[in-house]
Trainee: 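Here it is, the structure in full.
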Amino acid sequence: MEKTWRWFGRNDKITLPMLRQIGVEGIVTALHDVKNGEVWTRERITELRDYIESFGLRWSVVESLPVSESIKYGGADRDGLISNYIESLRNLGACGIRTVCYNFMPVLDWARTDLANPNPDGTSSLYFNLAEFAYFDCRILRREGAEADYAPEILAQVDQKAKSMTAEDDRRIIENIIIKTQGFVNGNIKEGDRDPVNIFRGLLELYKGIDKAKLRANLKYFLEAVMPVCNEAGVNMCVHPDDPPMQILGLPRIVCNEADIRWMLDAVPDKHNGLTFCAGSLSAGMQNDVPALARQFARRTHFVHLRSTCVFPDGSFKEASHFGGRANIIELIRIFEAENPKLPMRVDHAPLMLGDEAKGYNAGYSFHGRMMALGQVEGMMAVVDRELGIERDYPVTVG
């Protein structure tokens with residue numbers, strides 16, 4: 001697979017020369033300063049593509065060209081927003097960028113409650129504590145009917161937390177769930193917004209009356225509209241699974257498991273309608289046998305995220321070593337290398353380590369942690385390539 005890295009543009013503290021030195025081949029990025037719903041022009045795309053190529057790298061994947069909330073919930077302006085999206089896809093294809101990762105998750109792209117949960121070796125990882133999330137939902141957000149979504153033992157933990165949580169604890173949870181994991185990726189809420197909880201309540205209101213069937217219908221409507229330009233421009237659309245792969249905050253989630261993925265691919269059976277196989281997101285759901293899903297959907301996978309999670313009995317989960325957890329990454333590499341050794345892959349999230357925590361990196365996107373993960377995955381790829389008889393050129397240092 002092509003070794004790629006998510007890079008957040010020229011303001012990213014991690015530079016392209018750094019990435020070239022550690023063996024990265026392709027860049028996963030976006031026009032992060034273009035507002036959601038606006039057209040990505042050829043001039044802006046070409047400028048960033050050429051900048052990336054000036055460092056001997058290539059712009060392999062767009063992650064992401066955001067799907068506006070109004071498209072997801074079916075607002076009155078969705079057709080105009082879809083027209084803009086189509087124009088952006090056409091421009092990307094014309095500039096030679098032909099893989100677009102997107103998601104169809106309402107309001108929250110991804111959720112964690114702790115962005116630096118300690119590990120025994122002194123590193124720290126992302127963590128989703130279901131009881132803390134329920135505390136946010138029931139006691140901070142105060143969503144109507146929230147208690148009905150949680151088991152009695154989780155609600156008992158919420159009651160216990162309410163006795164000891166301080167205003168600072170509440171602020172930390174709010175930042176972790178709806179700000180720090182969202183704002184740096186064209187999120188709905190960003191650092192500095194006043195009263196983010198109230199903004200968030202307003203976003204949830206937009207989905208009143210939107211159930212799983214309706215959200216599925218809106219996804220199908222969107223995909224049917226964009227597939228003609230994908231065929232014209234040779235652009236692959238690859239949806240990211242829901243993270244976590246479960247219903248949260250009363251919102252419908254439609255890319256959580258085998259049945260959901262099968263429905264999405266069959267609803268619009270075009271080869272350009274595919275999957276971002278995020279092993280981390282899928283492994284966070286105990287309903288998912290991750291290697292089995294990879295075998296089933298490898299031919300419709302256009303992009304791979306390799307990471308893994310450990311899941312606890314109550315549904316909480318923590319991001320794991322790339323050697324551990326539920327994902328079985330080396331088996332995934334066997335599956336995807338056999339199917340398409342040129343498939344773009346990134347290692348996704350990784351631990352904070354060796355001073356990463358002081359650098360102000362975006363949540364989940366450390367440098368040293370991801371560099372270690374890339375080295376681990378590259379080693380696994382070398383073993384698998386030898387098993388499969390795949391020849392790959394590795395860099396040689398000449399002294």
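Nothing here was measured: the structure is a model prediction, and the numbers come from that model. Along the sequence shown, residues carry numbers from 1.
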Trainee: Is the distance between the ring centroids of H32 and W7 under 6.0 Å?
Mentor: no

Trainee: Take D33 and R44 through the salt bridge (Lys or Arg N to Asp or Glu O under 4.0 Å) test and state the conclusion after the steps.
Mentor: CA-CA 10 Å; D33 57 339; R44 291 296 312 281; 3.0 Å; yes

Trainee: More than 12 heavy atoms of other residues, nucleotides or ligands under 6.0 Å from CD of E153: yes or no?
Mentor: yes

Trainee: Given side-chain contact (heavy atoms from CB on, under 4.5 Å), test I27 with T4 step by step and report yes or no.
Mentor: CA-CA 5 Å; I27 296 300; T4 71; over 6 Å; no

Trainee: Check the hydrophobic clustering (I, L, V, M, F, W, Y; side-chain heavy atoms under 4.5 Å; chains of links allowed) and say if L108 and I179 are grouped together.
Mentor: yes

Trainee: Report whether V100 and V28 are members of the same hydrophobic cluster (ILVMFWY, side-chain heavy atoms less than 4.5 Å apart, transitive linking).
Mentor: no

Trainee: Passes side-chain contact (heavy atoms from CB on, under 4.5 Å), L141 versus R201? Steps please.
Mentor: CA-CA 7 Å; L141 189 60; R201 290 190 185 107; 3.5 Å; yes

Trainee: Between the side chains of R139 and D169, is the shortest nitrogen-to-carboxylate-oxygen separation below 4.0 Å, so that they form an ion pair?
Mentor: no

Trainee: Would you say K359 has more than 12 foreign heavy atoms packed within less than 6.0 Å of its NZ?
Mentor: no

Trainee: Could you tell me the separation between the CG atom of L352 and the OG atom of S124, rounded to the nearest 0.5 Å?
Mentor: 4.0 Å

Trainee: If hydrophobic clusters are built by linking Ile, Leu, Val, Met, Phe, Trp and Tyr wherever their side-chain heavy atoms come under 4.5 Å apart, do M372 and V347 end up in the same one?
Mentor: no

Trainee: How close do Y361 and D356 get, counting heavy atoms only, and between which atoms?
Mentor: CE1-OD1, 3.4 Å

Trainee: Step by step, work out the side-chain contact (heavy atoms from CB on, under 4.5 Å) result for I45 and W59.
Mentor: CA-CA 10 Å; I45 296 165; W59 187 353; 4.0 Å; yes

Trainee: Measure the spacing between SG of C256 and CD of Q247 and express it to the nearest 0.5 Å.
Mentor: 9.0 Å

Trainee: Using a strict 4.0 Å threshold on nitrogen-to-oxygen distance, state whether K3 and E378 make a salt bridge.
Mentor: yes

Trainee: For residues A373 and A350, report the shortest heavy-atom separation together with the two atoms involved.
Mentor: CB-CB, 4.3 Å

Trainee: Salt bridge or not between D260 and R253? Use side-chain N to carboxylate O under 4.0 Å.
Mentor: no

Trainee: Parallel, tilted or perpendicular: which fits the ring planes of Y85 and F222, with parallel below 30° and perpendicular above 60°?
Mentor: perpendicular

Trainee: More than 12 heavy atoms of other residues, nucleotides or ligands under 6.0 Å from CZ of R386: yes or no?
Mentor: no

Trainee: Establish, from distance only, whether the side-chain atoms of S283 and T309 form a donor-acceptor pair under 3.5 Å.
Mentor: yes

Trainee: Can you see whether Y365 has R370 sitting over its ring - NZ or CZ less than 6.0 Å from the centre and within 45° of the normal?
Mentor: no

Trainee: Please say whether more than 12 non-hydrogen atoms of neighbouring residues, nucleotides or ligands are located less than 6.0 Å from CG in D266.
Mentor: yes

Trainee: When you check the gap from the basic side-chain N to the acidic O, do R112 and D243 get nearer than 4.0 Å?
Mentor: yes

Trainee: So, Y135 versus D170: side-chain donor-acceptor pair below 3.5 Å or not?
Mentor: yes

Trainee: Any side-chain donor-acceptor pair under 3.5 Å between E69 and Y207?
Mentor: yes

Trainee: Do the side chains of I335 and F303 join up, straight or via other hydrophobic residues, at under 4.5 Å, putting them in one cluster?
Mentor: no

Trainee: Taking the side chain as C-beta and beyond, is there a heavy-atom pair between F277 and H305 under 4.5 Å?
Mentor: no

Trainee: Cation over ring, R78 on Y221, under 6.0 Å and within 45°?
Mentor: yes

Trainee: Nearest heavy-atom pair of H272 and N236: which atoms, and what distance?
Mentor: ND1-OD1, 3.0 Å

Trainee: Got a salt bridge between E232 and R90, using NZ or NE/NH1/NH2 to carboxylate O under 4.0 Å?
Mentor: yes

Trainee: Between K318 and N119, does any side-chain donor sit less than 3.5 Å from a side-chain acceptor?
Mentor: yes

Trainee: Ignoring hydrogens and geometry beyond distance, is a side-chain donor-acceptor pair present between D114 and N176 at under 3.5 Å?
Mentor: no

Trainee: Show your working on side-chain contact (heavy atoms from CB on, under 4.5 Å) between R58 and I52 and close with a plain yes or no.
Mentor: CA-CA 6 Å; R58 80 181 195 98; I52 292 168; 5.5 Å; no

Trainee: Are E339 and R299 ion-paired here, with the side-chain N under 4.0 Å from a carboxylate O?
Mentor: yes

Trainee: Should the pair E63-R346 be classified as a salt bridge under the 4.0 Å nitrogen-to-oxygen rule?
Mentor: yes

Trainee: Inspect the contact between E175 and R171 and indicate whether a charged nitrogen and a carboxylate oxygen are less than 4.0 angstrom apart.
Mentor: yes

Trainee: Just verifying a value: how many Å separate T29 OG1 and R49 CZ, rounded to the nearest 0.5 Å?
Mentor: 14.5 Å

Trainee: Quick one: pull up CG in L275 and CE in M237 and give me the separation to the nearest 0.5 Å.
Mentor: 12.5 Å

Trainee: Name the orientation class of the two ring planes belonging to Y51 and F55 (parallel below 30°, tilted from 30 to 60°, perpendicular beyond 60°).
Mentor: perpendicular

Trainee: Quick one about S70 and D77 (side-chain donor to acceptor, distance below 3.5 Å, no hydrogens or angles considered), yes or no?
Mentor: yes

Trainee: Following the transitive rule for hydrophobic clusters with a side-chain heavy-atom cut-off under 4.5 Å over Ile, Leu, Val, Met, Phe, Trp and Tyr, establish whether I178 and Y73 coincide in one cluster.
Mentor: yes

Trainee: Could you pull out the closest heavy-atom pair between C278 and D348, with the gap in Å?
Mentor: SG-OD2, 3.7 Å

Trainee: Please give me the minimum heavy-atom distance between L155 and C138, naming the atom from each residue.
Mentor: CD2-SG, 4.3 Å

Trainee: If I take atom OG1 from residue T301 and atom CD from residue Q296, how far apart are they, to the nearest 0.5 angstrom?
Mentor: 10.5 Å

Trainee: Do you know the tightest heavy-atom contact between P269 and R300?
Mentor: CA-NH2, 4.2 Å

Trainee: With a 4.0 Å cut-off on N to O distance, would you call R295 and E331 a salt bridge?
Mentor: yes

